Amino acid sequence: GSAATFMPTSSLAGSTTYTATITTGAKDLAQNALAEPFSWSFTTANATAAYGLTARAPIGPYLNNRVPEGAMPLLLSQTGAFTNTATLTPDPALVPYDVNSPLWSDGTVKTRWIAVPNDGAPYGANERIGFAPTGAWTFPGGTVLVKHFSLVVNEITGEQQRLETRILASDATGNAYGMTYKWRDDQSDADALPNGTIESYTVTTATGTRTQTHTYPSTGQCMVCHNPTAVFVLGPKTNQLNGPFLYSNGVTDNQLRAWNNVELFNPALNEAVINGYERMYAVNDASVSSETRARSYIDANCAHCHRPGGEGPVFDGRYETPLENQNIIWTLTADITGIGGDVYIVQPRDVPHSMLYQRANSVDPAVMMPPLAKHHVDTAGVALLGEWINNMLTINSVTGSGSQVVVEFSQAVDATTATTAANYVLDGGVTITGAVLTNPTTVTLTTSASLTAGTSYTLTVSNVQDTAPFTNTIWLTDYTFTAGP
């Protein structure tokens, strides 16, 4: 024939341009050689990375109707969540997942799965999750979420003890119900615990032992957080699952991409835009700013109640709400510590007067947040909140006289934003006409008219940034000062 197939010694890389050459050693059937070498270039197709999930196993609603509302099984082994309860082997239809910023649960180790009912491809709308780029997703009736809790009881060896497994079912009306299953001492099975309980465990540490207290929530307590305003399901949403997960096939994949590949979403996602979706971050993820991590932490630990229409007053903890609209910074609140003076949800660079920090740093039932199932302070989370608050850009002082106003910032400021005159507004009919950075923390403003000595003026500063690796933008700040002679 007139066609030849070339077999390279190794696989060609995707999205790569190669040049091939046929030399004059090539001959036709009559032994006529190629007159001269012939070369051409070609580009291989895009390489498609392997997926973490490649198929969905079928399962009926409510784990094949084994967890009906009002008749939850007495044993975890009877729910059908696990094919082998003793080894904690999940049913193949349970999809494992993790969240970017987890709720603090006294340091327990958590494992999560979800079962979306389906009878195999093709998948109808009632077999897919209603996807939303921000905010809550919607789940088909009969979707079941499973969350398992273990405690590291030996910090030297890493030995764990199973504590509880919680099941939450989303029903056909959009409501939800659930049950806590408390593991037996022999770890063979877990018993339904509708009324909850509190127990203590001894943990071996490098220096001895300590006592860990754990709350097993009642069904009513579960629904305090999994409430109607939060649309019941808290973990699975875009900004929590937009991140990597190591699947059982050995592939690390973005969870949104993996779920999309097995048609879990309605509408289906365009893979090319997944990385552009909103994402939250873990407390210890130093690749992003303390502000980003702190706001992620607030969402995970506060937003189920602190949101419009929720039980939590005053502020909106949802990550998707811009910080300037969350009502967190400079928002007056109750003084729950007795420190005196005005206190705020967050007061920049003032941890003692920031009640968000004080509540997170407490296990006093009258003070602590979250208010349920908390016996131990999340030291890493509290440290992050402190870092965020203490590194906020603020104004230390403002002085003015004649046609100049001097602004002293709390830390070094970015020359471009700090010298933009439009970022400063002065009342009293006086306009800021110029701004000069006189040292790393000080800006001198020029006014359109001389200030009247002894008169009070209010300077509003916005959009000025500092020089930190992850820049902090000053919170919209009003500063009142009295003009000098």
Side-chain angles (χ1 to χ4, degrees), residues 56-74 76 78-81 90-91 93-95 97 99 103 112-120 122-147 165-181 192-196 217-241 259 262-269 299-300 303-312 316-318 320 372:
R56 290 173 65 181
I59 191 168
Y62 309 103
L63 299 180
N64 294 319
N65 292 314
R66 297 178 71 172
V67 291
E69 186 173 10
M72 294 287 283
L74 297 178
L76 181 63
Q78 297 169 342
T79 65
D91 182 281
L94 266 67
V95 176
Y97 70 96
V99 294
L103 168 75
R112 304 167 178 84
W113 300 268
I114 185 171
V116 179
N118 73 94
D119 58 8
Y123 302 106
N126 64 340
E127 297 173 306
R128 300 175 184 235
I129 297 166
F131 178 83
T134 59
W137 295 346
T138 56
F139 296 85
T143 297
V144 174
L145 297 99
V146 180
K147 183 157 66 170
T165 302
R166 301 177 190 172
I167 291 183
L168 181 76
S170 179
D171 69 18
T173 67
N175 292 316
Y177 59 91
M179 180 64 71
T180 296
Y181 288 87
L193 196 68
N195 297 319
S218 67
T219 53
Q221 287 175 319
C222 286
M223 306 318 291
V224 170
C225 294
H226 294 276
N227 60 68
T229 306
V231 203
F232 298 105
V233 176
L234 304 179
K237 57 181 181 177
T238 300
N239 56 24
Q240 282 283 34
L241 268 65
W259 287 28
V262 293
E263 301 181 60
L264 271 169
F265 292 130
N266 180 32
L269 311 187
D299 182 295
H304 41 271
C305 290
H306 288 275
R307 60 172 59 212
E311 293 296 321
D316 182 355
R318 296 174 301 170
E320 59 263 29
L372 296 175

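Only a predicted model underlies this, so the values are computations on that prediction, with no experimental measurement involved.
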Main-chain N/O of [Y] paired with [X] side-chain donor or acceptor, under 3.5 Å:
{"X": "Thr143", "Y": "Ile114", "answer": "no"}
{"X": "Asn64", "Y": "Arg66", "answer": "no"}
{"X": "Arg318", "Y": "Arg307", "answer": "no"}
{"X": "Arg56", "Y": "Glu263", "answer": "yes"}
{"X": "Asn227", "Y": "His304", "answer": "yes"}

Identify, with sequence neighbours excluded, every residue that meets ring-ring contact (aromatic ring centres under 6.0 Å, His included) alongside Trp137.
Phe131, Phe265
State, with a plain yes or no, whether a side-chain heavy atom of [X] is found less than 4.5 Å away from one of [Y].
{"X": "Leu94", "Y": "Val146", "value": "yes"}
{"X": "Glu127", "Y": "Asp119", "value": "yes"}
{"X": "Pro217", "Y": "Leu372", "value": "no"}
{"X": "Leu76", "Y": "Ile167", "value": "yes"}
{"X": "Pro194", "Y": "Met179", "value": "yes"}

Interatomic spacing from [atom1] in [X] to [atom2] in [Y] - rounded to 0.5 Å:
{"X": "His226", "Y": "Leu145", "atom1": "NE2", "atom2": "CG", "value": "8.5 Å"}
{"X": "Lys147", "Y": "Thr165", "atom1": "NZ", "atom2": "OG1", "value": "11.5 Å"}
{"X": "Ile59", "Y": "Asp91", "atom1": "CD1", "atom2": "CG", "value": "4.5 Å"}
{"X": "Leu264", "Y": "Phe139", "atom1": "CG", "atom2": "CZ", "value": "10.0 Å"}
{"X": "Thr180", "Y": "Asn195", "atom1": "OG1", "atom2": "CG", "value": "10.5 Å"}

For side chain to side chain contact (heavy atoms under 4.5 Å, CB included), just list the numbers for Met72 and Tyr181, CA-CA rounded to whole Å, side-chain angles, deciding distance to a tenth of an Å, and then say yes or no.
CA-CA 10 Å; Met72 294 287 283; Tyr181 288 87; 3.9 Å; yes
Which atom of [X] lies closest to which atom of [Y], heavy atoms considered:
{"X": "Ala115", "Y": "Leu63", "value": "CB-CD2, 3.9 Å"}
{"X": "Pro73", "Y": "Ala192", "value": "O-CB, 3.6 Å"}
{"X": "Pro58", "Y": "Gly120", "value": "CB-N, 4.1 Å"}
{"X": "Ala136", "Y": "Val231", "value": "CB-CG2, 3.9 Å"}
{"X": "Ala169", "Y": "Val144", "value": "CB-CG2, 4.2 Å"}
{"X": "Gly141", "Y": "Pro61", "value": "O-CB, 4.2 Å"}

Starting from the C-alpha separation in whole Å, work towards a yes-or-no answer on side chain to side chain contact (heavy atoms under 4.5 Å, CB included) for Val95 and Val116.
CA-CA 9 Å; Val95 176; Val116 179; over 6 Å; no
Can you check side chain to side chain contact (heavy atoms under 4.5 Å, CB included) on Asn175 and Phe232, steps first, answer last?
CA-CA 7 Å; Asn175 292 316; Phe232 298 105; 3.5 Å; yes
Between Lys237 and Asp299, is the side chain to side chain contact (heavy atoms under 4.5 Å, CB included) condition met? List the steps.
CA-CA 12 Å; Lys237 57 181 181 177; Asp299 182 295; 2.9 Å; yes
What do you reckon, is CD of Glu69 surrounded by more than 12 foreign heavy atoms closer than 6.0 Å?
yes
